[in-house]
Number of protein chains: 2
Amino acid sequence: MRIAVLGGDGYCGWATSLYLSEKNHSVAVLDNFVRREWDKELGAQTLTPIRPLDERVETWRKISGKTLDVFGGDVTDYGFLSSVLKEFRPDAVVHFAEQRSAPYSMIDLEHAVFTQVNNVVGTLNLLFALRENCPDCHLVKLGTMGEYGTPNIDIEEGYITIEHNGRRDTLPYPKQPGSFYHLSKVHDSHNIAFTCKIWGLRATDLNQGVVYGTLTDEVARDEALINRFDYDQVFGTVLNRFCAQAAVGYPLTVYGKGGQTRGFLDLRDTVRCIELACLNPAAPGEFRVFNQFTEQFSVLELAQLVQTAGEKLGLKVTVDHLPDPRVEAEAHYYNAKHSRLVDLGLKPHLLSEALLDSLMNIAIRYRDRIEPAQFEPNVNWRQTSNPLALRGKRRTGLVAKATRKASRNGKSRREVPTFAGSDSPAENAASKGTFSSQ
Amino acid sequence: MRIAVLGGDGYCGWATSLYLSEKNHSVAVLDNFVRREWDKELGAQTLTPIRPLDERVETWRKISGKTLDVFGGDVTDYGFLSSVLKEFRPDAVVHFAEQRSAPYSMIDLEHAVFTQVNNVVGTLNLLFALRENCPDCHLVKLGTMGEYGTPNIDIEEGYITIEHNGRRDTLPYPKQPGSFYHLSKVHDSHNIAFTCKIWGLRATDLNQGVVYGTLTDEVARDEALINRFDYDQVFGTVLNRFCAQAAVGYPLTVYGKGGQTRGFLDLRDTVRCIELACLNPAAPGEFRVFNQFTEQFSVLELAQLVQTAGEKLGLKVTVDHLPDPRVEAEAHYYNAKHSRLVDLGLKPHLLSEALLDSLMNIAIRYRDRIEPAQFEPNVNWRQTSNPLALRGKRRTGLVAKATRKASRNGKSRREVPTFAGSDSPAENAASKGTFSSQ
């Protein structure tokens, strides 16, 4: 298939692009590289030293003999997005190209507005661009399990059948998102559902759980292909962050009681779920929702698993219960369905000791790059302005400006030459320590 | 009470401002006057010749002895909005200041993006400004019954109790909005509910039905106080539009079968509902939803009522069934609850022959101002770009630019001098034909 990955330079996007390429799909990567700018804004860096996209793509070409088409630009720039779809003619578009951090969206008004405008406008542009250029193309959109919140009833996959006063209908599952970021995803879901109805677009909304891990089979083939591993309080997902904390002897930062229960999945399942969605497209006019996770854990359970894994590796791991900077239930009912991707063939990589060991080893390998101050939660949901607001402004000016700039740069489209038919043997495929196996 | 009316120069906003002023509330009117710009963009005009806001306010002062504080500016300009709240210190903020037309939002991508960004960002700004300046102030936000769509079960007021797999919870009522405009209101509702939860804001979301009428007791006191009466296909609400069509012998434009059933209310009930919401505020942290309408009608029923009323006045009224330019069910179940405002004391003005006569008389009085081409529905939901897109660009440039300009003008805040204590007798209160009675 021809698959365009929007946000293909990011954490899930990069791993997905390589996986799809390995599976012999023709892959286009679109990215504005603003995620790398946000690291600068926050004074943070990925634990793993990621390479510029051009270098990543060239390494992949040498190793696999496969090419990725790269388009540098911003999905909030309709002209750019539309021209790429027109030229690349994708069968499926995988849309990761959004601001994806809840704490980032809660820094202050500016970050809240940026997150919602960036995400909503990018998706609106995409919907119009699909309708205009390739109305039969399947949209695979990354949503989040956080759209549902924590209702006191079972969470279904997108829709719920309600009997009420003697009548019955199947309606969108009620949403109770818990940050301006999560809200942006709910807004997207409503917008997408509407365009499926009026224009007959076909879309799959993947309500993804919290992703952990950094390696996939493809990423592991060369250190130059290394993927992001965010451990900071703003972009670091909880299990990755705990592993980084354990690696440097920093107490695991559990927010409140730690009874917050969520759905989780291995990054290797993310990439497989994306392919399954692409291979089994929604019907024209269908807005389909899959809950994309494999296991539920409470935050405290994860902390205890990391503690055990760390101690096995000779680390002393303690757990700190910090006041919860978020406004959320610290103990609650949680039972979310997630069978539709399994029905399509997903074989989950469950969180095992082996994986935790591997994650810990990555964290230990790069621990010299860890800045412990980045662990401290300093975005408080109860405040309208948090310390990072100032830092952001001092370092890079308004966030919106950064994106506008990226958008302008996008006009001068960068495309990596394609070497279709090249069968150069994989280079640099020799064992690279952690990278040769997981 | 001290009440700030955002969008106080608009159709519902102006009538509300006068009503609240008459009831001896201290009223501030905030407006960026962009609604008047949209008339220019569309080549349309209100049936009734409305006056500049300054003249309206001065007339009201002369007639009633009461003053309105006017602040010219845009709610998407946080500095402006925040400074007004800081200075005016409202007990309640009534938020009408949004782009409110479904067809306008469906013209093309630009209008869709403008509508969602304008509405969502304005409301986000307001939420932050309330939290920063007056966290105890009650937000009275205009939503729309269109947020619910047309589910096959009864529509409740904002929330529904669901029993599912042996458990039970009361959750936000599922939303199925039918245009990019209606979607923007759903986005707002989710954002407001969230800030009530995290910041303890108090808010009432008034899911208003389709408003008809143009006169209220206050508006009727002088022709210089006259209110908007939109009859065009973009901004004209259906009953007002039918009356204008009948007045000039144009067939009533029923879309499709006309079985589309909606909630309706008299403008005089809108203003009373707003006051009732203000006088009975939500509790801190509460996000309360009222369905604000008084009667349900199908579009065809309304056409038949107008036909009868018109014939009584000697007009020949025909009904045309046009292909529905919208994507919506043309016949469906519809039963929406609307008891909470009645519980607070609302005494509905039901649609009677007398009111229809009055509305028809207004339409007849100003029929020379009617441009029949404005009746023709030329915004088709199925298209990504409609003829008005071009017209808009030709006439006034990008809509977003118009607003940015209004926003800049807003910096030079215009405030009408207050004449508190003035007891000048009402002037110009003599009979003004239609304006002396309704």
Side-chain angles (χ1 to χ4, degrees), chain A residues 76 78 106 108-110 112-113 116-117 120-121 124-125 127-129 131-132 149 151-154 156 159-180 182-184 186-187 190-191 193-195 197-200 326-327 333 335 381-385, chain B residues 76 78 106 108-110 112-113 116-117 120-121 124-125 127-129 131-132 149 151-154 156 159-180 182-184 186-187 190-191 193-195 197-200 326-327 333 335 381-385:
Chain A
T76 67
Y78 181 78
M106 299 302 295
D108 63 358
L109 169 64
E110 185 185 327
V113 165
Q116 294 206 352
V117 170
V120 169
V121 172
L124 283 174
N125 278 349
L127 295 167
F128 275 80
R131 179 69 186 82
E132 283 288 306
N152 194 39
I153 57 174
D154 293 343
E156 300 296 328
Y159 298 89
I160 183 169
T161 298
I162 301 177
E163 304 233 15
H164 184 54
N165 298 345
R167 301 183 63 87
R168 170 201 288 242
D169 201 357
T170 298
L171 298 172
Y173 197 98
K175 301 293 180 73
Q176 298 181 105
S179 75
F180 290 117
H182 290 100
L183 282 154
S184 77
V186 172
H187 305 343
H190 281 102
N191 283 341
F194 174 63
T195 56
K197 183 179 167 192
I198 62 169
W199 296 334
R326 307 186 178 202
V327 176
Y333 179 75
N335 184 37
W381 265 226
R382 294 166 188 84
Q383 296 172 1
T384 53
S385 185
Chain B
T76 66
Y78 181 79
M106 299 302 294
D108 64 357
L109 170 63
E110 184 186 327
V113 166
Q116 294 207 352
V117 171
V120 168
V121 173
L124 282 174
N125 277 349
L127 295 167
F128 275 80
R131 179 67 185 84
E132 282 288 307
N152 194 39
I153 58 173
D154 293 344
E156 301 295 327
Y159 298 89
I160 184 168
T161 298
I162 301 175
E163 305 232 16
H164 184 55
N165 298 346
R167 302 182 63 89
R168 169 200 290 244
D169 201 356
T170 298
L171 297 173
Y173 197 97
K175 301 294 179 72
Q176 298 181 107
S179 74
F180 290 118
H182 290 101
L183 282 153
S184 77
V186 172
H187 305 342
H190 281 103
N191 282 341
F194 175 63
T195 57
K197 183 180 168 192
I198 62 169
W199 296 334
R326 307 185 178 203
V327 176
Y333 179 75
N335 184 38
W381 265 227
R382 293 165 189 83
Q383 296 172 359
T384 53
S385 185

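Every chain is numbered from 1, with letters handed out A, B, ... down the list of sequences.
Put simply, of A:Asn165, A:Thr195, A:Thr161, A:Leu127, the one with the most heavy-atom pairs under 4.5 Å next to chain B is A:Asn165. For the set B:Ser184, B:Ser179, B:Gly166, the count of heavy-atom pairs under 4.5 angstrom toward chain A peaks at B:Ser179.
Of the inter-residue distances, the one linking A:Arg131 atom CZ with B:Thr384 atom OG1 reads 6.5 Å to the nearest 0.5 angstrom. Atom CG of A:Asp169 and atom OH of B:Tyr333 lie 11.0 Å apart (nearest 0.5 Å). To the nearest 0.5 Å, the span separating CZ on B:Phe194 from CE on A:Met106 amounts to 3.5 Å. Atom-to-atom distance recorded for B:Leu109:CG and A:Asn125:CG is 5.0 Å, nearest 0.5 angstrom. Taking CD of A:Glu110 as the reference point, atom CG of B:Leu124 lies at 13.0 Å (rounded to 0.5 Å).
Ring planes of B:His187 and A:His190: tilted class, angle from 30 to 60°.
Looking at A:Trp199, only its side chain comes within 4.5 Å of chain B, counting heavy atoms on both sides. At a 4.5 Å heavy-atom cutoff, B:Asn335 makes no contact with chain A through either its backbone or its side chain.
Contacts of B:His182 classified as ring-ring contact (aromatic ring centres under 6.0 Å, His included), with partners at least two apart in sequence or in another chain: none. Residues satisfying the salt bridge (Lys or Arg N to Asp or Glu O under 4.0 Å) criterion with B:Glu163, sequence neighbours excluded, are B:Arg168.
Heavy atoms only, all atoms of each residue included: A:Lys175 and B:Pro172 are closest at O-CG, 3.8 Å. Annotation for B:Asp108 and A:Phe128: closest pair C-CE2, 3.9 Å, computed over non-hydrogen atoms.
Just one residue in the list B:Asn152, B:Ile162, B:Ile160 forms a side-chain contact (heavy atoms from CB on, under 4.5 Å) with A:His164, and that residue is B:Ile160.
Counting heavy atoms from C-beta outward, A:Tyr78 and B:Val113 have side chains that stay 4.5 Å or more apart.
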